Amino acid sequence: MSYSMNDGLEVASQAAADIDAWLCAQPETISVINVEDDPTFQSRDIDLIWTTQKGEVLVEVKGDRWNRTNNFFFETHSNLEKGTMGCFLYTEANWLFYYFVNTRLLYKLPMPKTRDWFRITMNRFRERSTTTPVGNNHYTTVGRLVPITTVMLEVLGVVRQHL
């Protein structure tokens, strides 16, 4: 499967905008700061700083259009050719907000609990890859297709939410 760089950026941008607006409307929200373009937070794979009455929450947003498969795609290599680890394996976020932009369905996955579970169980899930053209070249993203129902059953604290 192949995706253009613009397709990925479009989905990511829509996901971040929808999540930002939704968080701003929550009664416990004090502020939401988008740090996607801040190199300090990019290296930690954090997209949003959500400040609530209880404190600061670091959020990674994963936008996806492939909601009909009933799977999450947990990235293990973001760029196989460069040996870059997938964001799912290194994010320092407290929560991964996995958002299906077409259906406006959000899954709030507690981190690092979800990642710890995934590392132990990942070999039971199918590995898939996609290529993204960049100029005259391309890069390959690799991950695992993980059934949403399995995550919901096996990881405590996952929340499903319609926006």
Side-chain angles (χ1 to χ4, degrees), residues 1-26 32 34 36-37 42 45-48 50 57-82 84-134 137-163:
M1 204 176 292
S2 182
Y3 298 97
S4 77
M5 189 66 123
N6 276 352
D7 289 342
L9 293 173
E10 196 175 287
V11 171
S13 177
Q14 181 66 54
D18 287 358
I19 298 298
D20 190 309
W22 178 75
L23 287 174
C24 285
Q26 300 308 300
V32 179
N34 185 314
E36 288 176 296
D37 296 329
Q42 285 175 339
D45 206 50
I46 295 166
D47 293 327
L48 303 173
W50 175 28
V57 181
L58 304 176
V59 177
E60 166 63 9
V61 176
K62 165 76 168 131
D64 197 331
R65 276 185 296 214
W66 295 96
N67 51 300
R68 285 185 227 104
T69 68
N70 294 316
N71 291 309
F72 293 126
F73 181 76
F74 289 162
E75 193 178 271
T76 55
H77 293 89
S78 64
N79 186 323
L80 187 62
E81 290 76 12
K82 288 186 177 178
T84 309
M85 190 181 346
C87 65
F88 184 78
L89 297 178
Y90 72 84
T91 182
E92 294 179 28
N94 306 113
W95 289 90
L96 172 70
F97 282 13
Y98 200 110
Y99 179 64
F100 291 99
V101 295
N102 296 341
T103 56
R104 296 183 56 84
L105 191 56
L106 169 65
Y107 291 88
K108 298 187 289 188
L109 307 173
M111 297 299 275
K113 186 188 297 186
T114 306
R115 175 179 44 238
D116 293 345
W117 167 85
F118 177 69
R119 281 189 168 136
I120 294 167
T121 63
M122 70 185 269
N123 289 331
R124 71 192 232 222
F125 306 117
R126 289 178 296 161
E127 187 173 75
R128 289 290 182 265
S129 64
T130 63
T131 58
T132 304
V134 180
N137 216 331
H138 75 279
Y139 67 90
T140 307
T141 300
V142 181
R144 301 282 177 150
L145 293 177
V146 182
I148 293 170
T149 53
T150 302
V151 176
M152 297 287 293
L153 288 169
E154 297 182 13
V155 180
L156 289 178
V158 175
V159 177
R160 181 179 187 240
Q161 173 98 40
H162 267 102
L163 302 198

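Heavy-atom basis, side chains included; hydrogens, waters and symmetry copies ignored. What you see is a predicted model, and the numbers here were worked out from it, not measured in a lab.
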Using side-chain contact (heavy atoms from CB on, under 4.5 Å), reason through L163 and L105 one step at a time and then give a plain yes or no. CA-CA 6 Å; L163 302 198; L105 191 56; over 6 Å; no
N102 side chain vs R65 backbone, donor-acceptor pair below 3.5 Å: yes
Indicate yes or no: at least one non-hydrogen side-chain atom of M122 is less than 4.5 angstrom from one of T76. yes
Donor on one side chain, acceptor on other, E154 and W117, under 3.5 Å: yes
Determine, step by step, whether D18 and Y99 satisfy the side-chain contact (heavy atoms from CB on, under 4.5 Å) criterion, reporting the C-alpha distance in whole Å, the side-chain angles of both residues, the deciding distance to 0.1 Å, and the verdict. CA-CA 9 Å; D18 287 358; Y99 179 64; 2.7 Å; yes
Distance alone, cut at 3.5 Å: any donor-acceptor contact between the side chains of E81 and T140? yes
Side chain proximity check, V59 to D47, heavy atoms < 4.5 angstrom: no
Using the side-chain contact (heavy atoms from CB on, under 4.5 Å) rule, take F118 and V155 through it: C-alpha gap first, then chi angles, then the decisive distance, then the call. CA-CA 9 Å; F118 177 69; V155 180; over 6 Å; no
Note, E36 side chain near Q42 side chain (heavy atom, < 4.5 Å): no
Report yes if some heavy atom in the side chain of L145 is under 4.5 Å from a heavy atom in the side chain of F73; otherwise report no. yes
Heavy-atom side-chain contact between F97 and W95 under 4.5 Å: yes
Where does the angle between the aromatic ring planes of F74 and F88 fall among parallel (under 30°), tilted (30 to 60°) and perpendicular (over 60°)? parallel
Rounded to the nearest 0.5 Å, how far apart are CG of L156 and CG of L153? 10.5 Å
Side-chain donor-acceptor pair present, Y98, D64, cut-off under 3.5 Å: yes
For residues T91 and M111, determine if any side-chain heavy atom of one lies less than 4.5 Å from a side-chain heavy atom of the other. yes
Any non-hydrogen side-chain atom of N71 less than 4.5 Å from a side-chain atom of F125? no
Could you walk me through whether R128 and R144 pass the side-chain contact (heavy atoms from CB on, under 4.5 Å) test, one step at a time? CA-CA 6 Å; R128 289 290 182 265; R144 301 282 177 150; over 6 Å; no
For residues E75 and L89, determine if any side-chain heavy atom of one lies less than 4.5 Å from a side-chain heavy atom of the other. no
Taking everything shown except R124 itself, do over 12 heavy atoms lie less than 6.0 Å from its CZ? yes
